[in-house]
Amino acid sequence: MKYYEIEEVKSYKELLTRSVKLYKDQPVFRFKVEKNKKGEKPNIKDITYGEFNDEVTYLGTKLNNLELSNNRIGVIAKDRYEWLSVYMSTIIGDKIIVPIDKGLPNNEIISLCQRSSVEVIFFENKYKDVMKKIKDEKLSNIKYFINFDGGDEEFIDYNDFVSEGEKIFDSGDKSYLDIEANTEEMRLMIFTSGTTSKSKAVMLSQSNILSDLMDINRLIKFNERESTLALLPFHHTLQAILNLLMFYIGGSICFCDGLKYIQQNLCEYEITLFIGVPLIIESIYKRIMKEVDKQGKTKLVKNMRYITDVLDRLHIHIKKKIFKSIHDALGGHVRIIVSGAASIEPKLLKEFESLGFTVYQGYGLTETSPVIAVENDFYHDKKGSVGKPLPCVDVKIIDQDEKGVGEIISKGPNNMIGYYENEEATKECIDEEGYFHTGDLGYIEDGYLFITGRKKNVIVQKNGKNIYPEELETLIDHLPGVKQSLIYGKPTLDNDLDIAVKIVYNKEEMKEIIGYEPKEKDIHDYMKKKIKDINDNMPIYKHIRDIIVTEEDMILTTTGKVKRHEEIAKILGKWTLCKFF
């Protein structure tokens, strides 16, 4: 297997020490002090690696001086640099970080604080009410409540907390610098999103995460001028590995003003490395092509794509010059786009690449720290695959059907320690040989891994035929006007399952497609025709028999995945479906 030679780091402490040594005066974080009005130059604040290291040291020193029994530190807030200060100081200080999903309702936040037994919690103003409830009603073991946005009689001010650590450090207490954390023990307790069941707490070590980080750098060449836009929430493991990647290469983490401002932020921060979920990547592509269409250049772009593809095969690479205006619309500096957290339509990847962008797709889970496989500089010629497994990861396909599709299992130093206080669940997914059973279905072709669906999502009909919902959803999601889709099995009177779909449409797009303000029946008829077109190209057992069309969003996780089982339960309990095919 081809890969780059790299300088390995074995611990978070070594990682940050190396970053400060090499990149001390370079910006590690960039964010706006205040939102700028359209046309105004943004007021951007930079925090250097040296400044960040100081804050981590002072924060860690203060945490090290608290009277704690289990050293578990919780954090819940939107993406902000202080979040990462807490994250790094905790792990370097041989404590356990518990990132809490910022999108959870209050009752779940309370539950996770209880289940994780955190003794210190860092939060922002948005969570003052739930923190007050936890404190006043003594609902958890939390002893210290620290507010990023300022203190009062109830809570400790974050800046004061850091300043106290600085005073302790300056007085001569350098014990924090002497801590050598055990890199094999649990240092991260990360709760899964719970899309199919109650969330489980994944136990990860420094070695788990860093093995993944090193492998990624062996496969993709980055440089210290990279800048990335933080789009996923920091509690998400994919964003966590991206943050650590920036530390390793000396890049900059820039903070997004919101989903509506992604394109603007790409330009303002001159982003070079863009990592996002398929929904965001597709949205950006649609916006670009919509602008191309408005300018009457759709046919021109199509023709030039064909010409430049031919030239590419002759090793004449001029796409970035030919499609400069499209690259400029994304700031003109985007080098690499990586799609993660869910599968993406191969056609979309191909269309992006035909415009001169390098696009990689990856695959993994929280339990695998998170990356198992990724397209990369060396292996990038099988569209539709998620690339080859990382150098340190072994992947197998078990229980294969006649097409070679089976469950994906993986083994490597990135596999989690296990599920916290859940030995039964750990044994269910990690076998005696150390392979993690992902629950995902796929196949391997020429060493490349292809994902076909989720084992638990497979619809099995009476005739023994298996239908993979993701296969049909990919086709439907690519239809104009479709925002989300969900394929599920609808029980029939003869105890079989019909294939049904729920489609969430984009009202503005539907208005453009139909040419006037459409009524619900107009949209239903349009979608019905499109589904029929899909059916015409499918074997009969895969035909979609029922359809729901709605503007109402489905139940989603905070990273945009449909909570499939909750949504299906809602549909079958609420809707009366009419057979129409």
Side-chain angles (χ1 to χ4, degrees), residues 1-4 6 202 204 208-222 232 236-242 244-245 273 275-278 281 336-346 348-350 353 358-400 404-416 429-430 433-455 468 470-471 474 559 561:
M1 186 177 189
K2 297 177 182 177
Y3 56 84
Y4 298 113
I6 63 166
V202 176
L204 296 177
N208 291 150
I209 298 280
L210 292 175
S211 70
D212 224 52
L213 177 65
M214 294 301 101
D215 267 2
I216 291 168
N217 279 279
R218 288 186 178 100
L219 296 175
I220 303 174
K221 192 74 171 175
F222 303 101
L232 288 170
H236 195 285
T237 323
L238 179 57
Q239 184 65 48
I241 203 80
L242 174 60
L244 294 177
L245 170 64
L273 175 61
I275 296 184
V277 296
I281 293 171
I336 301 173
I337 298 173
V338 180
S339 175
S343 61
I344 191 168
E345 167 63 42
L348 179 62
L349 296 179
K350 196 171 180 180
E353 292 208 326
T358 298
V359 188
Y360 295 147
Q361 184 175 194
Y363 163 72
L365 304 92
T366 300
E367 290 88 340
T368 57
S369 304
V371 183
I372 289 176
V374 66
E375 291 183 287
N376 55 73
D377 297 352
F378 302 104
Y379 305 102
H380 185 218
D381 54 357
K382 290 275 187 182
K383 280 302 149 204
S385 84
V386 292
K388 289 192 176 185
L390 300 182
C392 291
V393 178
D394 180 36
V395 171
K396 293 181 180 179
I397 307 295
I398 61 170
D399 302 328
Q400 297 179 31
V405 174
E407 184 179 4
I408 301 164
I409 64 173
S410 73
K411 181 180 180 180
N414 59 330
N415 277 2
M416 68 173 180
C429 69
I430 299 180
E433 294 181 28
Y435 282 91
F436 174 73
H437 292 238
T438 67
D440 289 322
L441 297 169
Y443 63 94
I444 294 174
E445 181 181 288
D446 298 330
Y448 289 82
L449 179 62
F450 291 78
I451 314 298
T452 59
R454 185 84 185 147
K455 189 176 178 181
Y468 302 107
E470 293 86 354
E471 176 189 0
T474 296
T559 53
K561 294 180 184 176

Output the distance between atom [atom1] ([X]) and atom [atom2] ([Y]), rounded to the nearest 0.5 Å.
X      : Y      : atom1 : atom2 : result
Leu441 : Glu407 : CG    : CD    : 7.0 Å
Tyr443 : Thr452 : OH    : OG1   : 8.0 Å
Arg218 : Phe378 : CZ    : CZ    : 11.5 Å
Leu242 : Leu238 : CG    : CG    : 7.0 Å
Gln239 : Leu244 : CD    : CG    : 10.0 Å

_Tyr448 six-ring face occupied by Lys388 cation (under 6.0 Å, within 45°)_ = yes
Side chain to side chain, [X] and [Y], heavy atoms closer than 4.5 Å:
X      : Y      : result
Asn414 : Leu204 : no
Ile336 : Val359 : no
Tyr379 : Lys2   : yes
Thr358 : Ile337 : no
Ser339 : Tyr360 : no
Asn415 : Ile430 : no
Asp212 : Pro370 : yes
Tyr363 : Ile408 : yes

*Can a salt bridge be assigned to the pair Glu445 and Lys382 using a cut-off of 4.0 Å between side-chain N and carboxylate O?*
yes
Would you name the heavy atoms of [X] and [Y] that are closest together and state the gap between them?
X      : Y      : value
Leu449 : Ile397 : CD1-CD1, 4.2 Å
Ser385 : Gln361 : O-NE2, 3.5 Å
Cys392 : Asp215 : N-OD2, 2.8 Å
Asn208 : Ser369 : CB-OG, 3.3 Å
Gly447 : Pro389 : O-CD, 3.7 Å
Leu365 : Ile372 : CD1-CD1, 3.8 Å

_Heavy atoms of other groups near Lys383 NZ, more than 12 under 6.0 Å_ = yes
*Look at atom OH of Tyr3 and say whether more than 12 heavy atoms of other residues, nucleotides or ligands are closer to it than 6.0 Å.*
no
*Tell me, with the steps shown, if Val386 and Val374 meet side chain to side chain contact (heavy atoms under 4.5 Å, CB included).*
CA-CA 5 Å; Val386 292; Val374 66; over 6 Å; no
_For Ile6 and Met214: C-alpha separation, side-chain torsions, deciding distance, then whether side chain to side chain contact (heavy atoms under 4.5 Å, CB included) applies._
CA-CA 8 Å; Ile6 63 166; Met214 294 301 101; 3.8 Å; yes
*For residues Glu353 and His380, is any side-chain donor paired with an opposing acceptor at under 3.5 Å?*
yes
_Please tell me whether Asp377 and Tyr4 have a donor and an acceptor in their side chains that are separated by less than 3.5 angstrom._
yes
*Could you walk me through whether Val393 and Thr368 pass the side chain to side chain contact (heavy atoms under 4.5 Å, CB included) check?*
CA-CA 10 Å; Val393 178; Thr368 57; over 6 Å; no
*Output, in order, the C-alpha distance, side-chain angles, deciding distance and verdict of side chain to side chain contact (heavy atoms under 4.5 Å, CB included) for Val371 and Ile216.*
CA-CA 8 Å; Val371 183; Ile216 291 168; 3.9 Å; yes
*asked:* Could you check whether any side-chain N or O of Thr474 sits under 3.5 Å from a backbone N or O of Glu470, counting only pairs where one atom can act as donor and the other as acceptor?
replied: yes
*What's the verdict on side chain to side chain donor-acceptor pair (under 3.5 Å) for His437 and Glu367, showing C-alpha distance, side-chain angles and the deciding distance?*
CA-CA 10 Å; His437 292 238; Glu367 290 88 340; over 6 Å; no
